[in-house]
Structure formats: C-alpha cells, structure tokens
2 protein chains.
Amino acid sequence: MNVTGHTRRSASIRDVATAAGVSYQTVSRVINDSPSVKPSTRDRVLAAIDELGFRRNSTALALASGRSRAVTVLTSNTTHYGYASILQGIEEAARAVSYDVGVGVLESADAADEAAVAAQVRRAADAGGGLIVIAYDPAGVRALGAVPAGLPVVGVVETPASPPGGDRPWVWTDDREAAYEVTRHLLALGHETVHYVAIPSSTRRTGARTTGWLQALREAGAPEPRPVQGSWGPAGGHAAGLRLAKDPGVTAILCGNDDLALGVIRALHETGRTVPGEVSVAGFDDAPHSAYLTPSLTTVRLDFTGLGRSAFALLHGVLEDSAPIAPHPVSVPELLVRESSGPPPGRR
Amino acid sequence: MNVTGHTRRSASIRDVATAAGVSYQTVSRVINDSPSVKPSTRDRVLAAIDELGFRRNSTALALASGRSRAVTVLTSNTTHYGYASILQGIEEAARAVSYDVGVGVLESADAADEAAVAAQVRRAADAGGGLIVIAYDPAGVRALGAVPAGLPVVGVVETPASPPGGDRPWVWTDDREAAYEVTRHLLALGHETVHYVAIPSSTRRTGARTTGWLQALREAGAPEPRPVQGSWGPAGGHAAGLRLAKDPGVTAILCGNDDLALGVIRALHETGRTVPGEVSVAGFDDAPHSAYLTPSLTTVRLDFTGLGRSAFALLHGVLEDSAPIAPHPVSVPELLVRESSGPPPGRR
DNA sequence: GCTATGAATGTGACCGGTCACACCAGGCGC
DNA sequence: GCGCCTGGTGTGACCGGTCACATTCATAGC
C-alpha cells in the first residue's frame with residue numbers, strides 16, 4: 001500500500017487499540033490473555049491484531065516488565081561436540097517457550113584469561129534474562145564463579161563430588177558412573193588395569209570421570225596408574241598416546257573423550273601397537289563419528305542434548321519461579337561396546 | 001550497604017546525573033562521547049559513573065534508539081563442525097564490537113518443515129538487530145528466502161554459480177575451487193576418474209562442490225559418474241560407500257565433507273577394500289580429528305571461523321552503514337594431502 | 001431507591017535510555 | 001549597543017510495552 005516498501009514500522013498496541021476502538025490497555029490484556037475481557041471485545045482486538053500484523057515488541061516488553069525471556073549460554077567453545085549438543089538442547093527447549101538464546105564464548109584468543117572471562121560474564125548479565133554456564137572446564141568454572149549473586153544462573157557441571165547442598169541450580173550427567181562402567185567393562189575383559197587420559201578437569205584436583213575410573217580400579221584391586229593429562233582435542237590424545245605406547249605394560253586406555261581416544265589410537269598405530277589386539281582403547285561421549293572409525297570406538301554415550309534441555313528447564317523454573325527447582329533428571333549413561341576394546345594380548 | 005543484598009537495581013543515567021550534579025542528557029552525552037561536553041564536566045560525570053557502577057542498559061538503548069547491537073545466527077544445526085566454527089567466528093567478531101549474538105536452530109524435530117523455518121525467521125526478526133543465515137543446506141536456504149525485505153541480513157552461502165548481482169550481502173569460501181583442487185590432486189595420482197559423494201546441496205540442482213569436481217573431471221577428459229547423494233553425517237557416507245564398493249571400477253572417492261569420508265572409508269573397510277591401496281578417499285573441511293584418523297584423511301581446509309568473522313563484518317557494515325559493503329575476503333582453501341589418497345592399484 | 005459489588009475498560013506514570021529543540025552565557029562583527 | 005553565532009547544558013516528548021489505580025456501568029442486596 002505504501003510505495004517505500006520497507007521500514008514501515010510495525011504496529012504497536014496503540015495502533016491496534018485505535019483500529020479496534022478500545023484502549024491500549026485492553027489490547028495489552030488481550031495479548032496477555034487476561035480473563036477479564038469480554039469475549040466480543042477480545043474478538044475485535046484479535047481481528048485488529050491479525051489485520052495489522054501486530055507482533056509484540058520484545059524489547060519494550062523487557063524494558064517495561066523487567067523480565068526478558070532470554071537466556072545467555074556461556075561456553076568456552078562452540079565447536080566441541082558435547083558443548084554444541086548442550087547448546088542445541090538449550091535452544092530447543094527455549095524455543096518451545098519463546099525464549100531467545102544468546103551465546104558467549106569464553107575461550108578468547110588470549111587464552112581465556114581471568115579478565116576476559118569476567119568481561120563475558122558482565123556482558124551476559126547486562127543482556128538481562130537468565131544465564132547458563134557450561135562449567136566443564138576451567139574457563140567455564142571460572143565464569144560460573146564470577147557470576148554476581150542474585151543473577152538467575154544454572155551451571156552445567158561435572159558430577160559433583162558430593163551431592164550439592166540443597167537446591168543448587170546445577171545439572172549434570174552422571175559421568176562418574178559412566179567412567180565407572182567403562183572401566184569395569186575393560187577390567188572384565190581381563191586387563192590388569194586401565195590407564196586414563198584425562199580431559200582438563202573443572203576442578204584443580206580430579207574430575208568426576210577420573211573419580212569413576214579410580215573407583216572401578218579400587219573395587220577391582222587393580223593397580224592405580226597416574227592419569228595422563230590430555231587436552232580436549234585429538235592432538236592431546238596423540239601426545240598422551242605416544243607416552244603410553246612406550247610402556248609395554250599398558251593394555252587398556254580409557255580416554256576422557258572420543259577425540260582424545262582418536263589421538264591415542266593414532267599414536268598407538270604409529271608406534272606399531274594394534275587396537276584392540278595389543279591395546280584396548282575406550283572413549284567418552286559417543287561423538288557422531290565414533291561408530292564409524294576403524295576400529296569403531298568403544299565409548300559411553302551421554303545425553304548432552306537432554307542435559308541442555310534440563311538446564312533450560314531448571315533456569316526457566318527459576319525465572320518464572322513456577323517450579324520449585326525440579327529434581328535433576330539425570331539420564332543414564334549408555335555403554336557402547338564396539339571394536340576398540342577386547343581382551344588383553346595373551347588372554348583369550 | 002543494604003541488607004537485602006540482591007535486586008538492588010543498577011544505577012540509571014538519572015542517578016548518575018544527580019550524583020554528578022548535571023542533567024541526564026549530559027550523562028547521555030558523556031557515555032556517547034559527544035564532543036560538546038566541557039572536560040571538567042565530563043570528568044565529574046565519569047567519576048559518578050565509576051562510583052555508582054553505572055552500566056548502560058542495552059534494552060533501553062535498543063528501545064529508544066531502534067538499533068540493537070545484536071545479531072541472530074540462523075543455522076540448521078549447531079553441532080556440525082563447519083557450522084559451529086562459523087558461529088564461533090561470528091561471536092568473536094561480534095564481541096569485539098560489543099554486539100550480542102543469538103542463535104536459532106532450524107532443524108526442528110519435525111524435519112525442518114516450511115512453517116517451522118518461517119517461524120524461526122520471524123522470531124529472529126523480532127529480536128531486532130541483524131541476521132546471519134547459514135544457508136549451506138536446504139533449510140538454511142529456505143530461511144534466507146523467508147527473510148522479509150528490508151531486514152539487514154547476511155547469507156553464508158555456497159560459492160554462487162555466477163558472481164552475485166552487485167552488492168548481495170553474501171559471504172562464502174571458494175568451495176568450488178577447493179573441490180576442483182582435490183579432484184585434480186586425485187586425478188594427478190593416476191585415477192581414471194573420481195566419484196563423488198555429495199552433501200545435501202543448498203540448491204536443488206548441483207552445489208558448488210559438485211560443480212568444482214565436475215569441472216576438474218571435464219578438463220581432464222575423465223568419465224563423469226553420477227554423484228552419490230549422501231547426507232551430512234557419517235551414516236550417509238557409510239551407505240554411499242557400501243554402494244560404491246560394489247563397483248570394482250571405483251578407485252577414488254571425493255566426499256562432500258570429512259564425516260561422509262569417514263563413513264565411506266568404514267564401508268570400504270567392511271567390504272574388504274583397502275584405503276588408499278585399492279581406493280583413495282578425500283574429504284572436505286578438515287575437521288579437527290581428520291588428521292588423526294587411520295589412515296589420516298586427505299582433505300581441504302576451509303576457513304570457517306574467518307568466514308564467520310567476514311559475515312559479521314559485512315553485517316556490521318550494513319547495520320552501521322559505515323562501510324560500503326566490503327569485498328568478500330574469500331580465503332584460499334588449502335589442500336591437505338594425507339594418507340587416505342594415493343595412486344590407483346596397478347599404477348605405481 | 002440507594003448503595004455495595006464486581007466485571008469491563010480506561011488513564012497516567014513508568015522502565016531507561018535517545019532525540020529534537022529550547023535555553024543561556026559569552027565573544028565577535030558592525 | 002545590538003544582533004548573531006556558538007559552545008555547553010537542560011527540558012520535554014518519545015520508543016512500546018506494563019503496572020497500579022481510577023472509572024463506568026449493570027446487577028444485586030437491603
């Protein structure tokens with residue numbers, strides 16, 4: 001209808017009001033479906049809304065009401081499979097209730113220094129709405145710690161060493177249990193012990209996966225080798241694998257994630273050790289490609305997407321204080337035995 | 001200072017104004033560093049800002065000024081390595097100029113149907129700010145098409161078949177050239193021809209990668225087999241690999257991405273064909289793990305992070321109409337020859 | 001018949017900024 | 001000595017909603 005097509009600012013509630021012959025407040029009541037609007041009036045308003053193509057301005061809503069129907073996800077990296085899956089789960093749950101999802105990456109070029117992390121937290125806090133911090137690694141933990149009190153926040157964390165005090169808004173998958181399971185699987189195959197290549201833990205001491213691994217070793221009375229510190233990527237696994245390959249006593253290696261396992265397998269291959277013939281390797285996370293590796297990777301699947309959904313649900317409950325902080329629906333990790341694990345050399 | 005610690009609403013410009021003994025407008029001038037403020041006044045205001053811990057409310061800014069210093073990224077999936085890297089690049093560039101980054105996932109549970117995509121675009125549009133659509137696949141392309149005219153948007157697309165008309169706000173990496181390079185590499189090894197397992201293309205007909213592959217075949221006068229339609233994940237590659245493995249004439253396979261290549265290699269392995277002994281396989285994208293596969297994967301690296309940065313830079317230029325749409329800084333794809341490609345069987 | 005009650009609707013202020021414009025002083029030109 | 005410009009500052013309206021409260025009208029209770 002107007003020639004200068006674009007930038008025709010969209011209709012406001014006052015436009016709708018005049019079109020429907022009511023006051024703007026009545027329009028506000030209709031879009032918030034307040035019960036105290038006469039059905040006939042409501043219909044007139046709805047018709048006007050439809051005709052003018054009215055859409056409620058979320059910015060104005062946020063400013064006026066204080067609540068912003070938005071959540072910011074803080075993560076050290078978006079490309080790791082697990083993190084990306086959590087993000088996707090959060091988005092899915094958020095979309096279902098019309099929340100916007102923002103992302104902040106902590107891993108800055110300058111090595112995730114304290115100041116940069118703090119700045120990101122401030123930015124996220126400024127954005128209003130809630131906060132979900134993926135606190136699996138040092139940067140994430142630092143961020144979670146830097147969140148000012150009073151801000152609605154949910155942490156996605158490793159299995160806490162002890163059940164968190166009361167109503168801590170945290171979610172996690174049971175990766176301690178998962179590590180325990182895989183380790184037991186390897187021990188059951190006849191390995192004398194299981195070595196562990198760790199991911200950078202969220203805590204200074206030992207992460208949940210390390211704990212689960214150790215627990216299984218102890219219960220079996222197996223020797224407890226020192227965990228090898230890896231990084232996140234396959235390169236770290238490769239380095240760790242080269243070191244472990246030097247020790248002929250190593251017959252089973254558990255890795256903190258599938259990428260590490262990949263690097264370890266590669267290193268073993270380069271040093272002429274066969275998998276699973278001489279050394280068994282198991283991963284963690286069940287990345288999409290792990291089933292298609294050669295050998296396919298024994299690993300344990302964690303429901304990251306579900307974890308993201310839970311995290312959002314929890315935050316949503318806090319924001320609308322409807323739900324009294326739901327119990328963390330910890331999904332059960334699923335052990336996937338594939339080709340990369342088998343009995344130790346002279347034992348079949 | 002106050003006992004009920006939280007919810008102490010942060011200072012507004014009027015608070016700062018009274019503290020500094022000036023009007024709120026002067027405070028506004030200071031935070032927007034307008035030149036027409038007497039230095040002494042400015043100092044007083046800055047001191048007050050500092051003391052009260054004032055931070056400009058971005059919601060109010062957006063409402064009052066119209067511009068929102070935010071960008072929403074629409075992608076069909078956050079877990080694909082390429083997409084996640086683009087997102088990370090965008091976030092990095094956005095953070096540098098204090099823009100917020102939102103994400104919308106197109107791949108809904110109900111198979112990315114038209115209506116869901118349109119809804120996501122509407123939501124993103126409502127969020128204000130700019131839009132970056134990752135339009136490498138059908139869902140993304142549909143989303144890009146559904147963006148209403150007049151909305152600032154940048155598309156991350158496949159290499160266009162023809163140079164885009166004038167100043168289309170698009171960015172891309174030269175994946176046609178990349179495909180051309182890999183194909184030539186395989187042909188140069190002595191393969192009679194190269195088969196292709198395609199990713200779902202953004203266009204109904206043939207994608208840029210397919211085009212580059214075909215171009216290399218034509219120039220070499222090689223037979224032009226029909227591309228095998230794959231999906232994104234390794235499962236699709238596996239299925240395609242099983243089909244290709246039946247044909248003893250197949251000695252070289254190019255895959256639309258590294259995950260497909262992984263599936264193909266797995267399928268070849270299962271059917272008893274060796275890589276690269278009997279069949280050479282090459283991928284696309286250089287995912288982080290590709291170098292650590294056994295055999296390590298010949299592939300071509302595309303700078304996704306840089307692509308994301310470019311996309312944001314372009315959008316930023318549009319939003320602040322400062323830059324007159326910069327030339328798309330197409331980074332050069334880098335061919336990485338690794339173990340998975342070699343000469344064909346009786347030819348060395 | 002007159003007020004108490006409640007359903008339906010309207011009014012004004014407000015959230016925290018920006019924008020357009022008004023205002024006021026002082027220096028300059030004539 | 002008057003007008004004009006210009007640097008520095010203040011005022012009011014506005015963005016598009018929400019919130020608290022006021023108002024209107026019909027019905028019920030006495």
Side-chain angles (χ1 to χ4, degrees), chain A residues 7-46 48-49 52-70 98 100 125-129 319-320, chain B residues 7-46 48-49 52-70 98 100 125-129 319-320:
Chain A
T7 319
R8 182 180 55 238
R9 213 177 53 253
S10 59
S12 77
I13 55 168
R14 318 206 186 221
D15 300 330
V16 174
T18 51
V22 296
S23 77
Y24 55 82
Q25 177 59 12
T26 299
V27 177
S28 174
R29 290 197 180 93
V30 170
I31 59 185
N32 289 303
D33 31 48
S34 146
S36 63
V37 177
K38 207 198 303 182
S40 64
T41 311
R42 175 187 308 275
D43 290 347
R44 271 212 325 285
V45 171
L46 287 176
I49 285 178
L52 297 179
F54 167 81
R55 323 207 68 219
R56 175 220 246 113
N57 180 321
S58 59
T59 305
L61 170 63
L63 179 59
S65 68
R67 31 199 156 83
S68 74
R69 300 191 75 74
S98 300
D100 286 337
D126 280 359
L319 288 175
E320 323 242 303
Chain B
T7 319
R8 184 180 52 237
R9 212 175 54 254
S10 58
S12 77
I13 55 168
R14 318 206 187 220
D15 300 331
V16 174
T18 50
V22 296
S23 76
Y24 54 81
Q25 177 59 15
T26 299
V27 177
S28 174
R29 289 196 181 93
V30 169
I31 60 185
N32 290 301
D33 31 49
S34 147
S36 63
V37 177
K38 207 199 299 184
S40 63
T41 311
R42 173 185 311 274
D43 290 347
R44 271 213 323 286
V45 172
L46 286 177
I49 285 179
L52 297 179
F54 168 82
R55 322 207 68 219
R56 176 219 245 114
N57 179 322
S58 60
T59 305
L61 170 62
L63 180 59
S65 68
R67 30 200 157 82
S68 72
R69 300 192 75 75
S98 300
D100 286 336
D126 280 0
L319 287 175
E320 323 243 302

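Chain letters run A, B, ... following the sequence lines, proteins first and then strands; every chain starts at 1. Worth knowing before you read on, the calculation uses all heavy atoms, side chains too, and leaves out hydrogens, waters and symmetry mates.
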Atom-to-atom span, CG of B:N32 to P of C:dC19 - whole angstrom
7 Å

State which of C:dT9, D:dG17, C:dG17 makes the closest approach to the side chain of A:S12.
D:dG17

Does OP1 or OP2 of D:dC19 have a side-chain N or O of A:R67 closer than 4.0 Å?
yes

Name the residue closer to the 5' end of DNA chain D, choosing between B:P39 and A:A60 according to the nucleotide with the nearest heavy atom.
B:P39

Expressed in angstrom and rounded to an integer, what is the separation of B:Q25 atom CD from D:dG10 atom C1'?
8 Å

Helix axis bend for the helix from C:dG1-D:dC30 to C:dC30-D:dG1 - C1'-based end axes, five pairs, 10° rounding:
60°

Can you tell me how far apart NZ (A:K38) and CZ (A:R29) are? Round to the nearest 0.5 Å.
13.5 Å

When you measure from the side chain of A:R14 to the backbone of A:Y24, do you find a donor-acceptor pair of N or O atoms at a distance under 3.5 Å?
no

Separation of D:dT9 C1' from B:Y24 OH (nearest whole Å):
12 Å

Interatomic distance, A:R42 CZ vs C:dA7 P [rounded to whole Å]
15 Å

How long is the gap from CD1 on B:I31 to OG1 on B:T26, to the nearest 0.5 Å?
11.0 Å

Could you tell me how far apart A:L63 (CG) and C:dC15 (C1') are, to the nearest whole angstrom?
4 Å

So does A:S40 get a backbone contact from the side chain of A:D43, meaning a donor-acceptor N/O pair under 3.5 Å?
no

Would you mind telling me which of D:dG17, C:dT18, C:dT9 lies closest to the side-chain atoms of A:K38?
C:dT9

Atom CZ of B:R69 and atom C1' of C:dT18: how far apart are they, to the nearest Å?
15 Å

Is the base of D:dG8 touched by the side chain of B:R29 through a donor-acceptor pair closer than 3.5 angstrom?
no

Taking any heavy-atom pair under 4.0 Å as a contact, classify B:T59: base, sugar-phosphate, or nothing.
nothing

Does D:dG10 have OP1 or OP2 sitting under 4.0 Å from an N or O in the side chain of B:T26?
yes

Of A:L46, A:V22, A:V30, A:V27, the residue whose pairing with A:V16 passes side chain to side chain contact (heavy atoms under 4.5 Å, CB included)
A:V27

Give the rounded distance in Å between these two atoms: CG of A:L61 and C1' of C:dC15.
12 Å

Think B:S28 has a side-chain N or O under 4.0 angstrom from the OP1 or OP2 of C:dT18?
yes

Side chains of B:R56 and B:N32: closer than 4.5 Å at any heavy-atom pair?
yes

Calculate the interatomic distance between B:I13 atom CD1 and D:dC15 atom P; express it in whole Å.
17 Å

Closer than 4.0 Å, any side-chain N/O of B:S23 to the OP1 or OP2 of D:dG10?
yes

B:L61 side, atom CG; B:S68 side, atom OG - distance, nearest 0.5 Å:
8.5 Å

Could you state the interatomic distance from CD1 (B:I13) to OG1 (B:T18), rounded to the nearest 0.5 Å?
11.0 Å

Hey, does the side-chain of B:R14 have a donor or acceptor N/O within less than 3.5 Å of a partner on the base of C:dG17?
yes

